[in-house]
Amino acid sequence: MKKQTIQKNTGHIPQPVPEPAPLHHEEKTGSLTEDQPGLHGGSPDDRHDIAGRPFWSGSITIGLVNVPVHLHTMVRDKSFSFRLLHRDDAQPLRYDRVCTRDGKVVPWAETVKGYEVRKGEYVVIEPSDLKAIAPVSDRKIRIEKFVYSLSLDPVHFGTPYILTPDRSEEAYSLLRTALVDLGRAAVGTITLRTKEYPVVVHGYRGGLILTTLRYADEVTSPDAFEAITRLPVPREAELELARRIISDLSGDFSIADYHDTYREAVEKIVNKKLAGEKIVYESPHPEEAKELMQALKETLAALQGK
Amino acid sequence: MTGTGGPAHGQDAWGALSRAHFTNLKKILYPLPGITKQQVLEYYIRIAPKILPFLNNRPLTMHRYPDGISGSEFYEKNAPRGTPGYVEIFPRSSETAGRQVRYVLCNNLDTLLWLANLASLELHISLSTTGSYESPDFLLFDIDPEPPLTFDDVIQVAHIVRNHLGNEGLVPYVKTSGKKGLHIIVPLVPGYRFDMTRAFAHRIGKAIAKDTPHVVSEFPHSRDPGTIFIDYLQNAQGKTMVAPYSLRGSPEATVSTPVNWEELITGVRAEDFTIRTILSRDKEPWRELFDNRQKIGD
């Protein structure tokens with residue numbers, strides 16, 4: 001109830017307070033962050049313009065040819081993230097860097113990066129160390145070769161980004177059309193901030209997209225599992241049955257058939273709270289079906305007849 | 001999300017028939033044949049008159065597949081939290097676990113439906129009943145092949161077991177396990193102990209193994225490739241057997257099915273007996289089983 005009055009006053013969910021600058025740049029494979037667009041997935045005001053401004057500009061470089069491009073976000077993680085609040089006054093909580101020895105807050109200026117070599121043992125890495133090995137960010141997507149699109153293994157795909165021409169419509173169109181005609185994709189690297197990523201550039205729905213790739217040693221092969229290397233060869237009769245079942249159930253795939261029902265349910269709760277409605281939580285809803293009722297009636301009759 | 005039943009009067013009509021309630025009816029439990037929880041529930045409702053006599057007063061082990069057979073699965077001996085009041089419980093202090101086990105007894109239709117709604121696809125029963133829990137009333141031969149031997153080989157061995165038991169004046173009953181093997185049962189008069197049934201089954205197994213290629217009667221060889229193991233060790237306190245007419249967590253939704261010895265000829269397959277075929281099956285070979293309790297030697 002307390003929280004609801006706060007929400008009514010502002011008409012909004014309390015906005016996340018901007019996080020302090022990241023201590024170290026933690027990049028997961030495939031998540032390129034040049035100018036972090038400041039997204040906190042799921043918060044209602046983050047309706048970021050899909051076809052909006054690019055977060056990176058540079059050029060695709062093939063030998064001596066340059067095609068200037070912009071890079072745009074293509075996928076958005078729409079899963080919900082909650083902000084932790086103080087129950088008493090609904091104020092957002094902040095995370096502090098606390099020394100594990102004395103429990104005191106440590107100012108940013110007194111921090112340094114460490115690499116854990118053994119449990120509890122660190123090698124201190126100075127910013128100058130990292131600067132020395134940082135790749136040169138020259139705003140280029142360097143293409144090294146062209147491969148058949150179908151020869152790329154989807155398990156290595158990271159995050160896709162949309163490329164748009166940067167006053168280079170003709171060259172962009174030429175590259176896209178040629179790639180699509182030949183069924184090829186361009187493989188190369190991009191350097192963003194401090195890291196170099198392997199990427200693939202390929203035609204997709206009239207445009208070019210760039211997809212980050214995972215390194216070979218980041219992907220486990222199924223044959224690392226003994227249970228898989230020792231699979232028996234199926235018997236022909238069983239295989240025939242399995243084939244029949246599969247063909248019977250074959251259909252066209254449409255991702256639009258799937259919804260994040262959890263997110264929808266959370267959105268519903270949020271909207272109801274915003275509207276000041278009282279929320280009644282239902283225990284899992286008992287379901288019935290006519291067929292089951294009919295079957296049950298027949299069984300009860302049979303059991304009584306015994 | 002609302003149920004398919006709609007307004008309150010639907011619930012009242014249901015409530016007049018059963019105390020059990022269902023959830024997630026549309027959930028797919030068997031992805032290959034596309035069988036939903038509703039179909040599983042309908043199966044257990046319709047098979048109830050046949051399966052309930054075999055569940056009655058036998059402590060159950062539930063084999064649950066909450067997300068279907070391709071999801072995670074687990075065995076459960078204890079009545080879970082939230083077990084409704086109409087479910088009968090058989091408390092036993094377990095010597096090995098050093099604590100009490102609260103076994104579920106499926107002694108009524110509502111309990112069967114509750115179990116099915118928990119996605120306890122497989123129901124495993126003890127070989128004795130609560131009235132004389134230390135005393136088995138089923139003698140069990142559990143026969144399983146190791147590849148490359150197949151179900152056809154198991155069928156042949158089962159007939160050999162039947163002949164041996166016949167020589168002892170016994171009339172055994174047989175069912176598919178629903179997986180790779182067969183279960184042969186002799187229903188017993190009261191008074192036996194598990195060490196007696198175990199010794200008897202072991203003796204028969206050894207006699208057959210001596211004269212029959214591929215058949216093994218001893219545990220250390222039970223998983224040797226190209227063998228068929230006649231498992232006598234299942235005749236023990238706390239061991240279970242999948243109930244006749246129980247579904248199995250197999251891709252084809254097979255059912256552990258009582259069969260006639262005459263039906264059991266080479267070429268019959270465990271996969272012929274599934275959730276889709278059992279309800280229309282008119283044979284009921286174990287119907288008289290409890291009227292034919294027998295004595296074994298030793």
Side-chain angles (χ1 to χ4, degrees), chain A residues 222 226-251 253 257-269 272 279-306, chain B residues 1-6 10-18 20-28 30-34 36-53 82 108-110 112-113 116-117 147-148 150-151 225 251-253 267 269-272 274 279:
Chain A
E226 205 187 331
I228 287 174
T229 56
R230 294 172 56 185
L231 284 179
V233 177
R235 289 195 299 173
E236 185 51 39
E238 288 168 351
L239 200 53
E240 192 42 51
L241 175 73
R243 285 198 200 105
R244 210 172 64 223
I245 291 167
I246 290 170
S247 350
D248 285 353
L249 291 174
S250 291
F253 175 73
D257 295 344
Y258 298 85
H259 295 276
D260 185 345
T261 52
Y262 178 72
R263 192 183 76 223
E264 287 166 3
V266 176
E267 276 170 358
K268 221 161 145 185
I269 295 175
K272 278 189 174 177
I279 303 214
V280 184
Y281 294 99
E282 294 170 23
S283 50
H285 202 97
E287 300 174 33
E288 296 142 32
K290 280 200 190 94
E291 299 86 341
L292 293 184
M293 194 174 299
Q294 187 53 37
L296 187 58
K297 280 179 183 161
E298 290 171 26
T299 289
L300 287 168
L303 287 173
Q304 247 141 41
K306 281 212 162 181
Chain B
M1 285 283 130
T2 51
T4 50
Q11 302 243 350
D12 288 348
W14 179 265
L17 298 174
S18 175
H21 289 291
F22 303 148
T23 49
N24 297 322
L25 290 177
K26 302 265 184 294
K27 188 180 240 177
I28 302 256
Y30 291 96
L32 261 188
T36 61
K37 190 149 112 181
Q38 176 168 334
Q39 288 167 294
V40 166
L41 280 159
E42 180 163 3
Y43 170 78
Y44 275 115
I45 291 172
R46 292 197 180 276
I47 207 69
K50 287 182 182 171
I51 195 176
L52 282 174
N108 53 54
L109 178 61
D110 288 345
L112 183 63
L113 303 189
N117 188 57
T150 64
F151 197 64
E252 308 88 352
R269 289 144 35 94
E271 295 83 13
D272 296 339
T274 69
L279 292 172

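Protein chains get the first letters and strands the later ones, always in sequence-line order, with residue 1 at the start of each. No experiment lies behind these values; they were computed from the predicted model shown.
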Contacting region of [X] [heavy-atom separation from chain A under 4.5 Å]:
X: B/P147; result: neither
X: B/Q39; result: neither
X: B/L109; result: side chain
X: B/L113; result: side chain

Can you confirm whether A/F253 is buried at CZ, in the sense that more than 12 heavy atoms of other residues, nucleotides or ligands lie under 6.0 Å from that atom?
yes

For atom CD of A/E264, decide whether the heavy atoms of other residues, nucleotides or ligands shown that lie under 6.0 angstrom number more than 12.
yes

Supply the atom-to-atom distance [X] [atom1] to [Y] [atom2], rounded to the nearest 0.5 angstrom.
X: A/T299; Y: B/L17; atom1: OG1; atom2: CG; answer: 11.0 Å
X: A/E291; Y: B/Q38; atom1: CD; atom2: CD; answer: 5.0 Å
X: A/Q294; Y: B/I45; atom1: CD; atom2: CD1; answer: 10.5 Å

Minimum heavy-atom distance A/L296-B/S18, with the two atoms named
CD2-CB, 3.6 Å

Within residues 241-249 of chain A, which residues come under 4.5 Å of chain B, heavy atom to heavy atom?
A/L241, A/I245, A/I246, A/L249

